[in-house]
Amino acid sequence: MSIADDPDRAPARSHLYAMGLTEEEMRRPVVGIASTWTGTMPCNLTHRELAARVAEGVRRAGGTPMEFNTVAVSDNLTMGTPGMRASLISREVIADSIELMGRAHQFDALVCIVGCDKTVPAGIMALARLDVPAVVLYSGSMLPGRWRDRDVTIQDMWEALGERAVGRMEQSEVDDLARHACPGAGTCAAQYTANTMSGVADFLGLAPFGVGDIPAVADEKAEAARRVGEVAMHALERGLRPSRVLTRDALHNAMVSVAAMGGSTNAVLHLLAIAWEAGLPLRIDEIGAVCRQVPIVTGLKPSGPHTAADLWRAGGTSLVAGRLLEAGLLREDVTLVDGRTLRQVAADSVEADGQRVVARVAEPVKPPGALAILRGSLAPDGCVLKLGGREHFVREGPARVFDAEEECFAAIQSGGVAEGDVVIVRYEGPAGGPGMREMLSITGALVGQGLGESVALVTDGRFSGVSHGLVIGHVAPEAYRGGPIALVEDGDTVRIDSAAATLDLLVPDEELARRQTAWQAPDQHLERGVVSKYAATVRSASDGAVTC
Ligand code: FES
């Protein structure tokens with residue numbers, strides 16, 4: 001019985017009258033619209049407007065929309081500060097928030113509007129838990145900025161700090177670049193984490209292809225958001241729950257998308273977490289196996305020259321899906337939320353004349369190897385190398401060990417790291433950080449100083465999607481939980497072999513046993529609250545850093 005007709009729900013009805021709802025509207029299906037708007041960053045700045053457009057679509061299709069909000073943390077604004085510890089934690093809080101609202105208000109269907117990095121996996125995780133008919137709406141990328149006759153993104157900003165440190169840029173030039181790098185609302189403007197995860201949402205089947213690609217400020221976004229409201233209503237009519245969409249085959253396609261578009265290392269964490277929430281078995285090595293088979297077909301920053309807006313103009317993820325389908329790399333027996341098949345998506349894609357952003361699989365932009373999963377004596381439970389389609393390599397070098405990101409950044413900026421070093425940054429893992437900070441300040445400084453290819457960085461923390469260079473993150477077990485990375489000392493030899501997928505600490509077993517006996521986890525001095533709760537419950541990065 002609807003809330004409009006149930007005698008016992010009269011008190012609840014009184015609040016709906018207070019909000020201006022009619023009895024007719026109360027009898028309609030209620031679609032919750034979860035917005036991850038915050039006014040603290042450009043990434044999600046359009047979400048209120050989009051929520052209003054989704055609500056119009058819901059009404060157009062005969063439903064009653066109800067909007068609500070979650071928190072969201074800006075990765076860029078918190079980068080290199082203690083605030084970055086909140087970023088990955090926010091994924092769990094956002095997922096929990098949407099789940100709680102869904103459980104409390106018993107929506108018939110849901111739309112999750114997502115944007116900045118953690119909000120995308122968080123929305124998907126919540127939908128997997130609630131399992132009501134649902135659609136993901138990615139709010140869209142920022143347009144690139146223009147500076148000195150070239151397109152620039154936030155990546156250029158971070159690398160400018162390294163260039164300033166070695167005297168290749170003046171502070172006044174860095175400041176001028178800062179005024180031009182980010183011209184308006186939207187997520188970071190290339191194949192960094194947010195756009196990588198938007199592709200994941202498409203290829204999982206939860207977001208309609210062709211919507212997430214549209215930049216945040218493009219005129220087309222408003223009508224696309226209205227359509228998403230209608231798609232949610234149609235999904236409800238068809239009884240299309242996320243459990244029918246999130247299958248092993250859909251997960252495979254999502255992994256292929258990350259590999260084919262040169263995606264962010266964070267996708268590894270988030271795919272593992274999404275699989276966990278959906279009850280699908282997924283081991284970290286399977287992501288590595290997919291990356292070994294799938295070449296990179298898009299030339300997107302940070303490993304190519306193009307931006308997310310370029311991908312949209314070229315034909316978007318629909319065009320990528322077509323390329324992957326024709327090469328037989330996707331599994332076709334999947335369900336897409338808007339009712340199309342992957343073949344229809346590919347047929348609907350419009351390839352721009354002469355576009356150079358999306359290649360064919362037979363003539364890829366780069367060979368297979370966007371990411372690689374390594375194991376070895378330094379990472380028995382695995383870690384992630386951002387290979388970026390580069391040639392396989394073997395690297396041996398002396399360890400330079402830092403127990404926090406800030407110490408490492410200061411050493412790099414003062415010239416304390418040399419070519420050939422293997423920089424170790426530890427106690428930055430999910431539990432040890434806590435919160436597994438991203439090391440963009442470090443990778444930006446290394447690249448900016450021209451050390452991106454000659455210094456390797458190994459950490460139990462993680463990386464921004466903007467990061468590139470010889471970077472290995474998510475080392476597990478993490479230092480705080482007694483992983484071998486805690487035992488590394490300055491000058492130890494570390495060996496990386498990308499083809500063999502190994503990461504080893506070349507120190508005799510007896511010496512490691514001696515160090516293990518002497519090792520103690522550092523005291524974290526955590527205050528009560530969300531961070532200490534997180535540290536107590538978070539699992540390994542190789543399990544997606546989920547909290548249950
Ligand atoms: Fe929000 Fe990059 S900081 S998408």
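Remember, it's 1-based here, ligands and their atoms both numbered in the order they're listed. Side chains are part of it too, since the values below use all heavy atoms of this structure and drop only hydrogens, waters and symmetry mates. Keep in mind that what you see is a predicted model, and the values were worked out from it rather than measured.
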Is it true that, when you exclude Arg103 itself, more than 12 heavy atoms of the residues, nucleotides or ligands shown sit nearer than 6.0 Å to its CZ? yes
Would you say that more than 12 heavy atoms from the other residues, nucleotides or ligands in this model lie under 6.0 Å from the CG of Asp219, or not? no
Is it true that Arg148 and Asp156 make a salt bridge, defined as a side-chain N closer than 4.0 Å to a carboxylate O? no
Answer yes if the ring centres of Phe203 and Phe209 are under 6.0 angstrom apart, and no otherwise. yes
So, with waters excluded, how many protein N/O/S atoms does atom 1 (Fe) of ligand 1 have closer than 2.8 Å? 2
Compare all side-chain heavy atoms of Asp348 with those of Ser318 and state whether any distance is below 4.5 angstrom. no
May I ask you to establish whether Arg539 and Trp276 are in a cation-pi arrangement, using a distance under 6.0 Å from NZ or CZ to the six-membered ring centre and at most 45° from the ring axis? yes
